[in-house]
Undergrad: 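Sharing a structure, written as structure tokens. Questions coming.
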Amino acid sequence: MTEPATSAPDRDISEALCQQVANAYQTRAPLRIVGGDTRGFYGRPVEGIDLDIREHSGIVSYDPVELIVTVRAGTRLDALEAALDAEHQRLPFEPPRFGACSTIGGAVATGLSGPRRPWAGATRDFVLGTRVITQEGKRLRFGGEVMKNVAGYDVSRLMVGAQGTLGVLADISFKVLPKPAATHSLRLDDIAIDKALSLLATLGREPLPITAAAFQAQVQGIFVPGGESSVKATRERLGGEPLEAAFWEALRDHRLDFFTLDDGETLWRASLAPNTPPLSPDVGLATLYDWAGSQRWIKTRDGEALRRACQKVGGHATCFTPAARGGAESPFTPLDPVLEKYHKRLKAELDTHGIFNPGRLYAGL
């Protein structure tokens with residue numbers, strides 16, 4: 001195994017974190033789990049004592065041959081990715097960062113993935129195991145460092161997207177992948193959205209190494225990674241103009257001009273079937289299509305109307321605008337009553353006194 005390679009402080013403060021959680025459990029004091037705090041806008045605001053995990057950082061172990069890395073939750077994403085890049089490897093799920101201080105713990109807790117998600121997989125798919133600080137202040141290990149683990153219920157993947165409401169992530173083990181030998185980004189201009197979606201459906205039936213596709217303002221962007229010969233053949237098959245590779249990172253991190261909001265506008269993430277036609281212009285002011293159309297970033301002044309429009313076609317919408325929430329009571333689509341019952345049972349089992357990020361996902365959860 002290689003030595004941890006990171007510019008961030010390498011420090012294990014899990015015992016101090018366990019003690020703080022144990023004290024909160026005894027006094028029933030709510031905790032607000034904080035890392036880089038770059039994703040604080042996502043979800044409902046939390047009132048509580050800050051549990052700061054930033055100092056719990058560093059790469060615990062990294063085996064490039066086995067493609068496995070174990071890292072403390074407070075480690076900054078840029079430090080982790082620098083260590084992987086030195087071995088020509090990467091995190092396959094491309095976690096977005098909304099600031100320089102983004103941590104890997106926050107990336108896992110929110111469960112957000114980058115433009116390659118429909119082809120490469122989601123955050124949950126690459127989490128092998130975790131160490132979690134439970135409500136009693138104990139540090140327990142779930143999962144392991146192998147892709148196939150059948151030893152009981154998969155608590156590790158349950159933590160992905162839970163936003164810290166079920167426990168405190170301490171350490172996380174991931175499966176990583178090699179970087180592709182070659183890549184090419186291209187753009188197809190003057191193409192209407194219906195033709196763009198139809199083209200992607202057609203290309204999806206061909207053996208082409210396409211792993212990202214986005215559309216905005218009659219411009220279709222496509223990312224092609226793979227071997228030298230396959231990338232060259234695909235480039236010749238699709239044509240188009242070159243697109244700067246930096247586009248995909250800017251899309252992932254919301255640094256494109258599209259994500260600049262005017263007064264009164266809010267940003268929403270719509271999750272829809274890829275072949276869903278464009279929503280009515282009455283509910284959306286502008287749309288950026290990602291994930292070949294299944295993820296859509298929509299600017300609107302009427303969040304609830306947009307949410308209803310998404311539900312009508314079998315999808316759902318989440319508000320990404322801090323504070324305003326687009327006039328919505330919750331940034332997330334309300335749960336089905338049956339699902340809500342199971343969520344509450346799980347929360348009650350793992351967080352009896354409701355000390356972990358109370359209300360971050362929904363009221364009472």
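Nothing here was measured: the structure is a model prediction, and the numbers come from that model.
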Undergrad: Is there side-chain contact between Thr318 and Phe320, with at least one heavy-atom pair below 4.5 Å?
TA: yes
Undergrad: First locate atom CD of Glu265, then atom CD1 of Ile298, and finally report the distance between them rounded to the nearest 0.5 Å.
TA: 12.5 Å
Undergrad: Should the pair Arg139-Asp171 be classified as a salt bridge under the 4.0 Å nitrogen-to-oxygen rule?
TA: yes
Undergrad: For Arg157, does its backbone N or O pair with a side-chain atom of Arg124 as donor and acceptor, under 3.5 Å?
TA: yes
Undergrad: Taking salt bridge (Lys or Arg N to Asp or Glu O under 4.0 Å) as the criterion, tell me which of Arg97, Lys179, Arg76 meets it with Glu81.
TA: Arg97
Undergrad: Is Asp37 paired with Arg39 through a side-chain N to carboxylate O contact shorter than 4.0 Å?
TA: no
Undergrad: Ring centroids only, cut at 6.0 angstrom: are Tyr42 and Phe98 within range, meaning strictly under it?
TA: no
Undergrad: Does atom CG (Asp336) have a neighbourhood of more than 12 heavy atoms from anything else shown, all under 6.0 Å?
TA: yes
Undergrad: Is the cationic atom of Arg307 (NZ for Lys, CZ for Arg) positioned less than 6.0 Å from the six-membered ring centroid of Trp268 and within 45 degrees of its normal?
TA: no
Undergrad: Keeping the roles fixed (side chain from Thr123, backbone from Leu112), state whether a donor-acceptor pair exists under 3.5 Å.
TA: yes
Undergrad: Are side-chain heavy atoms of Lys299 and Phe258 found at a separation under 4.5 Å?
TA: yes
Undergrad: List in chain and number order the residues that pass side-chain hydrogen bond (donor to acceptor under 3.5 Å, both in side chains) with Arg360, two or more places apart in sequence or in another chain; answer none if no residue qualifies.
TA: Gln163
Undergrad: If the condition is salt bridge (Lys or Arg N to Asp or Glu O under 4.0 Å), which residues does Arg116 pass it with, not counting sequence neighbours?
TA: Glu94
Undergrad: Write down the atom of Tyr362, the atom of Thr333, and the distance for their closest heavy-atom approach.
TA: OH-O, 2.7 Å
Undergrad: Begin from the C-alpha positions of Phe174 and Phe93 and carry the test ring pair (Phe, Tyr, Trp, His ring centres under 6.0 Å) through to its verdict.
TA: CA-CA 10 Å; Phe174 297 97; Phe93 54 93; 5.8 Å; yes
Undergrad: Quick check: does any side chain N or O of Asp12 sit under 3.5 Å from a backbone N or O of His56, one acting as donor and the other as acceptor?
TA: no
Undergrad: Within this structure, what is the CZ-CG distance for the pair Arg308 and Leu279, rounded to the nearest 0.5 Å?
TA: 13.0 Å
Undergrad: Does any donor atom in the side chain of Gln19 or Asn23 lie under 3.5 Å from an acceptor atom in the other side chain?
TA: yes
Undergrad: Does the Ser280 side chain pair with the main chain of Val283, one donor and one acceptor, at a distance under 3.5 Å?
TA: no
Undergrad: Measure the shortest side-chain to side-chain distance between Phe41 and Thr321 over non-hydrogen atoms and say whether it is less than 4.5 angstrom.
TA: no
Undergrad: Indicate every side-chain donor-acceptor pair of residues 194-209 with a distance under 3.5 Å to a residue at least two apart or in another chain.
TA:
| residue | atom | partner | partner atom | Å |
| --- | --- | --- | --- | --- |
| Thr202 | OG1 | Ser198 | O | 3.1 |
| Arg205 | NH1 | Ala201 | O | 3.4 |
| Glu206 | OE1 | Arg237 | NE | 3.3 |
| Glu206 | OE1 | Arg237 | NH2 | 3.4 |
| Glu206 | OE2 | Arg237 | NH2 | 2.8 |

Undergrad: Taking atom CZ of Arg90 as the centre, report whether more than 12 heavy atoms of other residues, nucleotides or ligands fall under 6.0 Å from it.
TA: yes
Undergrad: With a 4.5 Å heavy-atom cut-off, do Asp351 and Leu166 have their side chains touching?
TA: no
Undergrad: Measuring from Ile222:CD1 to Leu186:CG, what's the distance to the nearest 0.5 Å?
TA: 5.0 Å
Undergrad: Would you call Asp10 and Arg72 a salt bridge, taking side-chain N to carboxylate O under 4.0 Å as the test?
TA: yes
Undergrad: Under a 4.0 Å N-O cut-off, is there an ion pair linking Glu340 with Lys347?
TA: no
Undergrad: Just checking, is any N or O donor in the side chain of Ser156 or Thr130 under 3.5 Å from an acceptor N or O on the other one?
TA: yes
